[in-house]
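Reckoned from all heavy atoms, side chains included, excluding hydrogens, waters and symmetry mates. Just so we're on the same page: letters track the sequence lines, and every chain starts at 1. If you're wondering where the values come from, they're calculated on a predicted model, not measured in any experiment.
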Number of protein chains: 2
Amino acid sequence: MDPHLLTTFVTVARCGSFSAAATELGYTQSAISQQIAALEADLGLPLLSRRPVEPTPAGRRLLEHAEPLLLRLRAARADVLRAAAAPRHRIGLAVTPLGFTADLADRLARARAAWPLLEVTVVTCGRERVAVLVAEGEADLGLVDGLAAPSDPLRPPDAGPLTTTGVSEEDVVVALPAGHPLAGRAALRLADLADARWLRTPLCPLPRLRALAGDGFPVALEHRGDDVRTLIALVAAGHGLTLLPASALRTPGGAVGVPVSAPRLVHRVELLHGTLPPGPAADLARALTG
Amino acid sequence: MDPHLLTTFVTVARCGSFSAAATELGYTQSAISQQIAALEADLGLPLLSRRPVEPTPAGRRLLEHAEPLLLRLRAARADVLRAAAAPRHRIGLAVTPLGFTADLADRLARARAAWPLLEVTVVTCGRERVAVLVAEGEADLGLVDGLAAPSDPLRPPDAGPLTTTGVSEEDVVVALPAGHPLAGRAALRLADLADARWLRTPLCPLPRLRALAGDGFPVALEHRGDDVRTLIALVAAGHGLTLLPASALRTPGGAVGVPVSAPRLVHRVELLHGTLPPGPAADLARALTG
DNA sequence: TCTGTTTACGAGATACGTAACTATG
DNA sequence: CATAGTTACGTATCTCGTAAACAGA
C-alpha cells in the first residue's frame, strides 16, 4: 500500500491502459506492470483485469479509498510546509462561479483597500477542485456554493481537516425563460417542476437537487463550463430550467427567476481553509466572513 | 512523506526517544536516525528537537496529520481485503461500555437465536478504539455512545468512510449519592451543577460536557477504566458526580439518578461499520438497528 | 564519563530500464 | 499479425546494520 504504487494504480485505472499511464508518469510500460504486480501481490488480490484494462471489484473498492487518501497525503504535506513558511502577502482565492457573489466581491474590494500590500489571485473552478486547491495549499482560501436546507452545512469533499465557515445564505429561484407560462408566478414548488426539462450543469448539480426534492428533473441539455451568462442564455432560449441564487438573475438576460416555496432551500456559500497562521490570509478570511 | 517514515516519526514522537522507537519497531537506532533524517530532508524542516526528543512546531503539525492518515491507510487496506474475503460467521462487535445497552444485548440474543451459526465476539473498549477496530476490520460492527443534543449525530473519529446509524436515544440523568441534598429533585439543570465536583471518567467525557453545557465542572477524582459499576460505586461514596444514561442507574448500587432538564441532552448510541457485504455481518447490523 | 544520536561504510534488497517473450483481438 | 502486457536480467539506487565518531547531561 505504498502511495507510490497507489498513484500508479489510480493513473492506470483512469487511463485504462498501462502504456498510457507509463507515459503520463514518465516510466516505462514495464515499470508500471511491475508496480501493479507488486500492489496486487501485496494485497493478494487482482486489482485490474487486463485487455481491456479495467478495475476488478476489489480494484474499484481500492480506488474509492486511494483517491481521497492520496489527496490527504498531499494536503498534509502542503499544510506542514505552509505552516512553516513565512506569511505571504500573495493570497490565492479559489472560488466556484456562484460562490463568488457580488457581496463577497465588495468585501474583497474593501479588504484590498484596507491592506494595500495584499495581492490576490482569484481562480474560478468547480467545487471539488476548490477543495483540492485549498487542501494542497495552492489556494489559501476557498469559496464554495451549494444548495442546502436552511442552516444546514454543505458537505465539502474529504480533503483533510479543512475549516468551513458559513458566509451567506440566499433565496433560490427557478430560472425560466421570460415568456414561460409560469414566469409570472409569485412562487413555485419544486415538485411541480419535477417533470419539466432541466439543464445538467455544474452550477446546479441535479443529483443534489434530487436528494433534496425527490426524483425526477429529467435532463434536456448538458452544459459544461463555469460561465453563468452562458447558463442564463440557455435558460432564456428555452433549452431547460435550472436553479440559481436570486442575485444571479438580477442582471438582465432574458430569463426571470421565480422563488422556490417548497422545499425550503437556500443557496449557501461557505469559506474553506486550512489552519491559517496569523497574517494576511487570516485577515482576509475574517474580512470575507465578517 | 512515505508512510513508512511517518510511522517511524509517530513512534519516535510517542516514545520520546530514537532508541525506544527502534526496539519497538524492530530496527536499529541508526536506522531510525536515518529515517527521521530522510523525512526531515524530504520536507526541508526539522521535525524533532533532540535531547530531549520533542516535536518541533512543524513536527507537531505533521503529527496531527500523520496519525489519522496512517489509520486511514490501514483502514483502506483492511476494507479492500474484507470486501474480497468470504463472508464469515464469526462476527466481531466492538462496544463502548455504555453503548452496549440492555436493549442491544437483547437484540443480539434474539439475533443469535435466529441464526444459530452466528459466532459473536464482543470487545469492550473506548470510543476511539472502537472506531479504530472497525476501521481496520478487526471488528465488523461497533457501538459507540455519547452525549448529544437530541437527534444530533455523534462525531466519530475520522477513520475513513465509516457508516454510522443511530440506534437509540435515551434520557440523561445526573448520578448522585443516595443521601445527596439534590437527590430527591424531579429534575436538575446542568448549569446549577457546574460548580459541583465531578468525576473525570472515560464514560462521561467532561470536555464534551463543557462543550454542550458551558464551562465549569471541576474535577474531584479521576477514574480510569471501563467499568460502570466502579463508577457508580464512586458516585455512591460521594467522590463526585457524573452523567449516565437513565437505564445504567436502574441497577441498585447506592446512587440515584435525577433527570437533566436543561440543556436538552440525550445519551445516544450509534452503530458503526464499513461497507458490509451481504452476509451475517449485514444481517446482524439490521438486527441491532431494528 | 555515560547515554544516546549521528555519520561512514559495506551488504543485501529494491526498483527501474532494455529487450525478449507471450497472449489477445 | 499487431498491439499491449509480462518476464528475465543487468544496473543503479536505496535501506538497513555494524561500528566508529560525536555531543549533551
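Every residue was checked against the side-chain contact (heavy atoms from CB on, under 4.5 Å) condition with A:Pro202, not counting sequence neighbours, and none meets it.
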Under-3.5 Å N/O pairs linking protein and nucleotides 23-25 of chain C:
| unit_1 | atom_1 | unit_2 | atom_2 | d |
| --- | --- | --- | --- | --- |
| C:dA23 | N3 | A:Arg51 | NH2 | 3.4 |

Each nucleotide N or O in nucleotides 15-18 of chain C that has a protein N or O under 3.5 Å away: list the pair and distance.
| unit_1 | atom_1 | unit_2 | atom_2 | d |
| --- | --- | --- | --- | --- |
| C:dC16 | OP1 | A:Gln35 | NE2 | 3.1 |
| C:dC16 | OP2 | A:Gln35 | NE2 | 3.4 |
| C:dG17 | OP2 | A:Thr28 | N | 3.1 |
| C:dG17 | OP2 | A:Thr28 | OG1 | 2.4 |
| C:dG17 | O6 | A:Gln34 | NE2 | 3.3 |
| C:dT18 | O4 | A:Ser30 | OG | 3.1 |

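Looking at heavy atoms from C-beta onward, A:Leu73 lies out of side-chain contact with A:Arg77 at the 4.5 angstrom threshold. Counting heavy atoms from C-beta on, the side chains of A:Gln35 and A:Asp2 never come closer than 4.5 Å.
The nearest whole Å value for the distance from the CG atom in B:Leu48 to the P atom in C:dG4 is 16 Å. Taking atom CD on B:Glu54 and atom C1' on C:dT5, their separation rounds to 16 Å, with Å as the unit.
The number of heavy-atom neighbours closer than 6.0 Å to CZ of B:Arg88, taken from other residues, nucleotides and ligands shown, is 12 or below. For A:Arg129, the CZ atom is loosely surrounded, since the number of other residues' heavy atoms within 6.0 Å does not exceed 12. Within a 6.0 Å radius of CZ in B:Arg14, other residues, nucleotides and ligands contribute more than 12 heavy atoms.
Contact record, A:Ala78 with A:Gly137: CB-N, 4.1 Å, taken as the closest heavy-atom pair.
Look at A:Asp140 and A:Arg82 and you find no salt bridge, because none of the NZ, NE, NH1 or NH2 atoms lies under 4.0 Å from a carboxylate O.
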